[in-house]
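A short write-up of the structure that comes next.
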Amino acid sequence: MKKAKATALPSPLEARAEMAKLAEDIAYHDRLYHQQDAPKISDAAYDALRLRYRLLEEAFPQLAPAGSPEKRVGAAPARGFKKVRHLQPMLSLDNAFSDEDIADFLARIRRFLKLAEDAPLPFVAEPKIDGVSASLHYRDGALVLGATRGDGEEGEDITANLKTLACIPKKLKGHVPGFVEIRGEIYMTQDDFFALNRRQEEEGKPLFANPRNGAAGSLRQLDPSITAARPLRFFAYALGEAPESLAETQQELRGLLKSWGFTLNEPSRLCHDEKDMRDFHAEMEERRADQSFDMDGVVFKLNDLALQRRLGFVSRSPRWAIAHKFSAIKAETTLKNIIIQVGRTGALTPVAELEPVNVGGVMVARASLHNEDEIARKGVRVGDRVIVQRAGDVIPQITGVKDDAAHARRAKFVFPDTCPECGSLAIREEGGAIRRCTGGLICPAQAVERLIHFVSRPAFDIEGLGDKTIREFWQEKIIRTPADIFRLKRRNAGLCLEKREGWGEKSAQNLFDAIDARRTISLDRFIYALGIRQVGEATAKLLAKNYGSWQRFAKDMQAAGDKDGSARAQLVNIGNIGASTADDIAGFFAEKHNRQITGDLLEEMTVEDWKEPAAASSPLSGKTIVFTGTLARMSRNEAKARAESLGASVAGSVSSKTDFVVAGEDAGGKAKKAAGLGVKILSEEEWLKLAGS
Ligand code: IVH
């Protein structure tokens, strides 16, 4: 925030009254904004209040009320940060929980790269610290931008806040490229965290649940002087957008980062084989309690950067790195009740309500019980003493029951066979463990969860429609279907959103604007937003890419209702869409009310045809490729990943829609069929050339 400018000052008596009133108003608007997702005033008006308050407090520091907004922290304002699109997505890491998982990880890499089982594969190991990731841009060695991870694609510009961290160099030392992006983790040591909470407590302010929350809360301050006062640290762990030629190995890269002035996460070790990796993990787990920071596992990164590039990414994580988590932290408590939650797809999930208990620094009051078989298998009964376990950011689990004398006298839990929300029959699919409500959209829980999914970030991404608001609007019949969202503005003469508790002219207008901004949406987001079972972001993209337009997709999916027809065969042939996902997609389109819902929606908005992203210049973009036979130079998986990264789709069988068939050694029927259909057949050499390998 800007520094307060001096203007005419009130008398101390007037100032005291005005400051108290301003403090109260600011706290009120903070609550509306942060806890109710429903601001009543514009950001500018809010900033003006803060600025006026600051001016007064600077002039009359002795008059600051107990709840001075200048000192208040915790749910401090996150408004006003500019959004930044990341140059490359900020991804996450796949997790391993056992030595076997690590062995599988290594085997996967070897298969992908077509390496022998005993080929050496050195990895750099380092601690995984639980904090908040950040991206830093350096131009000619100077820090020009710092951003949060956000949803991985788009974060928030927190440059001013990050500049206050002593461990973030403002200027890089030594020889640096014209532009380089550094990624790393912001964290707080345990001692600093406890000291911060002690201060919070003394000042009557809310406490942070753990060091990670402390770090996140401290970064989300609009006023960098607050961030500056927080004990935040940073370690660098990777490059983002940067010249490829900087280093050849991960170890060299660490050296480079250090020479530029960054702190690295220590200790790190080069592991030559699986045993080295096991040892490092075991040693670190033993030393976990002595560390000054929250370490939740170790990260292994393939040392050879050229191999890292070949391996690339799968959905949201790199194939060349993995986090081997430490075992979970446990605690014992009493199971007070078992409630049933109904999800978006109708799944009935039992949730344990617990006597709140501290599990490794986090208070836990609920835990997942997964499904009815799990309850039976664990034999948990309401009133039992149970073991709760938490691993990293995973939802807490109940892992066991303490055998006590009273257990046998407690009633067994009877899983309902009707939906607790709508009373419809809840049935288990054959061979499945999940019981589902059959009510579809007449079930309020499913309807609400679908709407929440519909407006969520990877779907329509409508700011201002939080879970709470959706629930409330559903209850009051303001929004019952996706199309209702787009009708809000037109109906507002009758609804008068601005008159509602927690709303105002500005917030209502903001919501209408946010909705209007989504009246055109990409095909993949639209498909994802429908909430079809098993259709996640990746599958939605794949479908969008393969069908190109909504008209074609909807028509073909309805046709795919015929299990023996060609539309179904084509659907199952796409990437990794199997028979069961195809059933769910076709099932969705077979339901009349789903067609009604999408039809209504399309009267309100437009779905854009699929556009090939950036790599459109590649000769493979938009093409369909089939691989057959054995390739000598790369595994089938690498070939597939490579083709997809160049914008092609890979199919399992040859048809007239196939553009190329890549025939390796011993190619059989598929190559013959291709020849018959006049589809171009490529040798492995030709494929490698085309793929630029
Ligand atoms: S490397 C492509 N190294 O853990 C992702 N990440 O669970 C490269 N993290 O998003 C990440 N310590 O924020 C890496 N030594 C470390 C890390 C680390 C903590 C965080 C990071 C990442 C998350 C994934």
Side-chain angles (χ1 to χ4, degrees), residues 86-97 101 105 109 123-136 146-156 158 162 167-168 181-189 210-213 215-216 219 232-242 247 249-251 253-254 256-258 262-271 277 280-281 284-285 287-288 291-303 305 307-326 328 390-395 641 645:
H86 295 303
L87 299 172
Q88 294 173 8
M90 283 187 82
L91 302 152
S92 168
L93 287 168
D94 210 5
N95 289 326
F97 296 98
D101 288 349
F105 164 70
I109 291 188
F123 279 86
V124 171
E126 56 191 32
K128 181 169 190 309
I129 298 183
D130 204 10
V132 185
S133 48
S135 147
L136 307 172
T148 61
R149 175 190 144 115
D151 63 358
E153 303 283 339
E154 198 176 63
E156 281 171 329
I158 51 164
L162 289 178
C167 343
I168 294 186
E181 181 195 356
I182 312 293
R183 291 180 175 178
E185 199 88 349
I186 314 269
Y187 67 101
M188 219 178 245
T189 66
N210 52 44
R212 190 196 141 91
N213 284 358
L219 281 179
L232 295 175
R233 295 167 198 243
F234 175 82
F235 72 79
Y237 58 59
L239 292 182
E241 180 89 5
T249 64
Q250 189 72 36
Q251 243 188 350
L253 194 73
R254 283 181 62 96
L256 201 59
L257 288 170
K258 199 167 194 162
F262 289 101
T263 314
L264 303 182
N265 45 348
E266 307 279 6
S268 150
R269 184 183 300 166
L270 186 66
C271 298
M277 294 166 85
F280 185 79
H281 180 265
M284 287 298 121
E285 184 152 24
R287 285 164 58 176
R288 180 184 198 180
Q291 295 292 334
S292 62
F293 47 79
D294 259 358
M295 179 166 62
D296 59 348
V298 297
V299 183
F300 296 113
K301 300 174 186 170
L302 193 57
N303 196 32
L305 299 184
L307 292 185
Q308 284 190 8
R309 282 191 287 275
R310 269 180 66 191
L311 284 156
F313 298 84
V314 60
S315 63
R316 311 217 120 250
S317 22
R319 285 196 188 83
W320 43 265
I322 200 159
H324 190 174
K325 293 298 197 76
F326 295 144
R390 196 177 63 84
D393 43 12
V394 181
I395 304 165
S645 75

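When a ligand or atom number is given, it counts from 1 through the structure's own listing order.
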Worksheet item: So, does Arg319 use its side chain to make a donor-acceptor pair with the main chain of Arg310 at under 3.5 Å?
Response: no

Worksheet item: Between Asn303 and Val124, is there a donor-acceptor pair closer than 3.5 Å when you use the side chain of the first and the backbone of the second?
Response: no

Worksheet item: Can you name the side-chain hydrogen bond (donor to acceptor under 3.5 Å, both in side chains) partners of Thr148, sequence neighbours left out?
Response: none

Response to the item:
A student comparing Lys301, Lys128, Met90 should find that the heavy atom closest to atom 3 (N) of ligand 1 comes from Lys301

Discussion item. List ligand 1 atoms under 4.0 Å from Leu91, heavy atoms only on the residue side.
Written reply: 5 (C), 10 (O)

Worksheet item: At a 4.0 Å threshold, what atoms of ligand 1 neighbour a non-hydrogen atom of Phe235?
Response: 12 (N)

Practice prompt. Can you sort out which atoms of ligand 1 are near Glu126, meaning under 4.0 Å from one of its heavy atoms?
Written response: 3 (N), 15 (N), 16 (C)

Worksheet item: Quick one: which ligand 1 atoms are inside 4.0 Å of a heavy atom on Pro318?
Response: 2 (C)

Worksheet entry | Pro127, any N or O under 3.5 Å of ligand 1 N or O | yes

Discussion item. So for Ala238, does at least one of its heavy atoms come nearer than 4.0 angstrom to any atom of ligand 1?
Written reply: no

Worksheet item: Asn265 side chain to Glu126 main-chain N or O, any donor-acceptor pair under 3.5 Å?
Response: no

Worksheet item: Using a heavy-atom cut-off of under 4.0 Å, does the side chain or the backbone of Phe300 touch ligand 1, or both, or neither?
Response: neither

Worksheet item: Between His281 and Lys325, is there a donor-acceptor pair closer than 3.5 Å when you use the side chain of the first and the backbone of the second?
Response: yes

Worksheet item: Counting N and O atoms only, with roles assigned by atom type, does the side chain of Arg149 sit under 3.5 Å from a partner on the main chain of Ala134, one being a donor and the other an acceptor?
Response: no

Worksheet item: At under 4.0 Å between heavy atoms, which part of Ile129 makes contact with ligand 1: side chain, backbone, both or neither?
Response: backbone

Discussion item. Closer than 3.5 angstrom, by distance alone: can the side chain of Gln308 be matched with the main-chain N or O of Leu302 as a donor-acceptor pair?
Written reply: yes

Worksheet entry | Per atom 6 (N) of ligand 1, closest listed option by heavy atom (Trp320, Tyr237, Phe313) | Tyr237

Worksheet item: Numbering the atoms of ligand 1 from 1, which are under 4.0 Å from a heavy atom of Ser133?
Response: 13 (O)

Item to complete: Look at the rings of His324 and Phe300 and say which category their plane angle falls in: under 30° parallel, 30 to 60° tilted, over 60° perpendicular.
Response: tilted

Discussion item. Tell me the contacting part of Asn265 for ligand 1: side chain, backbone, both, or neither, using a 4.0 Å heavy-atom threshold, strictly below.
Written reply: side chain

